[in-house]
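Heads up: the structure comes next, in structure tokens.
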Amino acid sequence: TVHVLLLLFLARPCCHNSPAETCGIHAWADLTSAHYSAVKNREDSWFKSLFVRKVDPRKDAHSHLLTKNEESNLYKIQFHNVKPECLDAYNQLCEETLPSIHNDKYYPCELVGTWNTWYGEQDQAVHMWRYRGGYPALTEVMSKLRQNKEFMKYREERGKMLLSRRNQLLLEFSFWNEPIPRKGPNIYELRSYQLRPGTMIEWGNYWARAIGYRQHNSEAVGGFFSQIGNLYMVHHLWAYKDLEAREATRNAAWQHEGWDEVVYYTVPLIQHMDSRIMIPMKASPLQ
């Protein structure tokens with residue numbers, strides 16, 4: 001390497017308007033500096049490689065490690081952003097159509113809840129469906145609904161009222177409650193967490209313990225993680241009597257030994273988080 005540097009140095013033309021020896025000193029300094037930087041970068045890369053976290057091989061998908069069993073329920077959550085002037089008509093349309101699907105045993109699905117966002121994104125509706133039997137049940141329902149003239153008319157009318165819509169397919173965490181109908185009145189909070197890729201198992205390990213701190217007022221409704229849509233997304237659904245009860249319940253969690261540790265270790269796993277306060281529609285099983 002030194003020989004190459006020396007040849008390059010000798011071959012370098014002299015700077016204009018400068019003595020030859022001065023140019024030579026500058027050229028030699030440039031070359032040796034570049035050589036030192038290259039060597040240092042290689043050493044740094046080698047040193048850092050010693051601390052790269054090794055990934056343990058797994059024999060199963062994360063979803064199987066986090067859910068109750070291989071035949072876990074599949075959930076679909078829908079977010080509909082409604083034209084402000086159409087919100088009342090949209091709600092009425094949903095209340096006329098969605099319960100008929102929920103109550104018809106011909107469709108292997110259930111309406112878990114349907115809400116309007118109170119605080120968060122305005123003029124928004126959120127619907128959650130459960131498909132008992134997983135993906136086959138979802139495929140069956142979608143196929144049957146395409147043959148349902150009433151539902152297709154509902155979709156056509158609904159489309160005229162929407163600005164945008166999106167959905168996700170979710171699985172439920174094994175350590176959370178399965179959502180069941182509730183009597184109201186309640187408000188609901190949907191807390192959504194975008195996790196850093198590769199941290200879902202770690203999140204699940206911490207929350208398997210943390211959920212015990214949040215059951216005292218029966219506020220825990222359901223916990224889910226995405227399979228299709230935005231990936232590494234977690235949704236926690238909570239129920240409270242009102243905003244004051246929400247504040248009191250959340251503050252009480254800090255009195256339990258271990259809750260602060262869960263928060264400390266899970267916050268670094270989050271890239272982005274969002275909270276919606278939602279009011280149930282009349283047709284929602286979760287009131």
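- Looking at every heavy atom in both residues, Ser226 comes nearest to Leu170 through CA-CD2, 3.7 Å.
- Using a distance-only test at 3.5 Å, with no hydrogens or angles considered, no donor-acceptor pair links the side chain of Arg191 to the main chain of Trp238.
- Here the shortest heavy-atom pairing between Ile180 and Leu286 reads O-CD2, 3.0 Å.
- Side-chain contact, Glu172 with Tyr75: a donor N or O sits under 3.5 Å from an acceptor N or O.
- Ser143 places no side-chain N or O within 3.5 Å of a backbone atom of Thr139 that could act as its donor or acceptor partner.
- In this structure, Gln194 contributes its side chain and Leu231 its backbone to a donor-acceptor pair below 3.5 Å.
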I would like to know whether Arg246 and Glu189 meet salt bridge (charged side-chain N to carboxylate O under 4.0 Å, His left out); could you show each step before the answer? CA-CA 9 Å; Arg246 171 187 177 272; Glu189 182 178 18; 2.9 Å; yes

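- Salt bridge annotation for Lys144-Glu140: present, with a cationic side-chain nitrogen under 4.0 angstrom from a carboxylate oxygen.
- Look at Glu247 and Arg250 and you find no salt bridge, because none of the NZ, NE, NH1 or NH2 atoms lies under 4.0 Å from a carboxylate O.
- With no hydrogens or angles considered, no side-chain donor-acceptor pair links Asn81 and Asp123 at under 3.5 Å.
- Here CZ of Phe225 is found 5.5 Å from CD of Gln227. Values are rounded to the nearest 0.5 Å.
- Hydrophobic clustering (side-chain heavy atoms under 4.5 Å, transitive across Ile, Leu, Val, Met, Phe, Trp, Tyr) groups Ile211 together with Val267.
- Taking the side chain as every heavy atom from C-beta outward, His80 and Met161 never approach each other to under 4.5 Å.
- Ring-centre distance between Trp129 and His102: not below the 6.0 Å cut-off.
- Counting only N and O atoms by type, the side chains of Gln122 and Thr117 include no donor and acceptor under 3.5 Å apart.
- Of the possible polar contacts, one joining the Ser100 side chain to the Thr97 backbone as a donor-acceptor pair under 3.5 Å is found.
- Side-chain atoms of Thr249 come within 3.5 Å of backbone atoms of Ala245 as a donor-acceptor pair (strictly under, hydrogens ignored).
- In this structure the side chain of Arg182 reaches within 4.5 angstrom of the side chain of Tyr188, judged on heavy atoms.
- In summary, the aromatic rings of Trp115 and His127 are positioned with their centroids too far apart to meet the 6.0 Å limit.
- The closest side-chain heavy-atom distance from Leu237 to Trp176 is not below 4.5 Å.
- Using the six-membered ring where Trp is involved, Phe173 and His236 have ring planes that are perpendicular, over 60° apart on the 30 and 60° scheme.
- A 4.5 Å side-chain heavy-atom check between Met233 and Ser192 finds at least one atom pair inside the cut-off.
- Here the shortest heavy-atom pairing between Met200 and Tyr232 reads CE-CA, 3.8 Å.
- Within a 6.0 Å sphere centred on CD of Glu96, heavy atoms belonging to other residues, nucleotides or ligands number more than 12.
- At a threshold of 4.0 Å, the pair Arg214-Glu219 counts as salt-bridged, since one of the basic side-chain nitrogens sits closer than that to a carboxylate oxygen.
- Annotation: the span from Asn116 atom CG to Ile277 atom CD1 amounts to 14.0 Å, rounded to 0.5 Å.
- Judged by distance alone, the side chain of Asn186 and the main-chain N or O of Gln287 form a donor-acceptor pair under 3.5 Å.
- One hydrophobic cluster, built from ILVMFWY side chains closer than 4.5 Å, cannot hold both Leu190 and Met273; they sit in different ones.
- No side-chain heavy atom of Asn73 sits under 4.5 Å from any side-chain heavy atom of Tyr131.
- The shortest side-chain heavy-atom distance between Ile187 and Leu243 falls under the 4.5 Å cut-off.
- Between Arg196 and Ile270 there is no side-chain heavy-atom pair separated by less than 4.5 Å.
- With sequence neighbours left out, the side-chain contact (heavy atoms from CB on, under 4.5 Å) criterion links Ala283 to Glu95, Pro99.
- The pair Glu178-Arg132 meets the salt-bridge criterion, since a charged nitrogen lies less than 4.0 angstrom from a carboxylate oxygen.
- Side chain of Tyr213 to backbone of Glu257: a donor-acceptor contact under 3.5 angstrom is found.
- The two residues Pro179 and Phe224 make their nearest non-hydrogen contact at CG-CZ, 3.7 Å.
- Remark: aromatic rings of Trp203 and Tyr193 are close, center separation under 6.0 Å.
- How far OG of Ser284 is from NZ of Lys282: 13.5 Å, rounded to the nearest 0.5 Å.
- The shortest distance between side-chain heavy atoms of Lys83 and Leu162 does not fall below 4.5 Å.
- Judged purely by distance below 3.5 Å, without hydrogens or angles, the side chains of Arg276 and Gln124 pair a donor atom with an acceptor atom.
- Taken from OG1 in Thr266 to CG in Asn205, the straight-line distance is 12.0 Å, to the nearest 0.5 Å.
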One pair to check against side chain to side chain donor-acceptor pair (under 3.5 Å): Tyr154 and Asn148. What are the steps and the verdict? CA-CA 10 Å; Tyr154 154 78; Asn148 185 327; over 6 Å; no

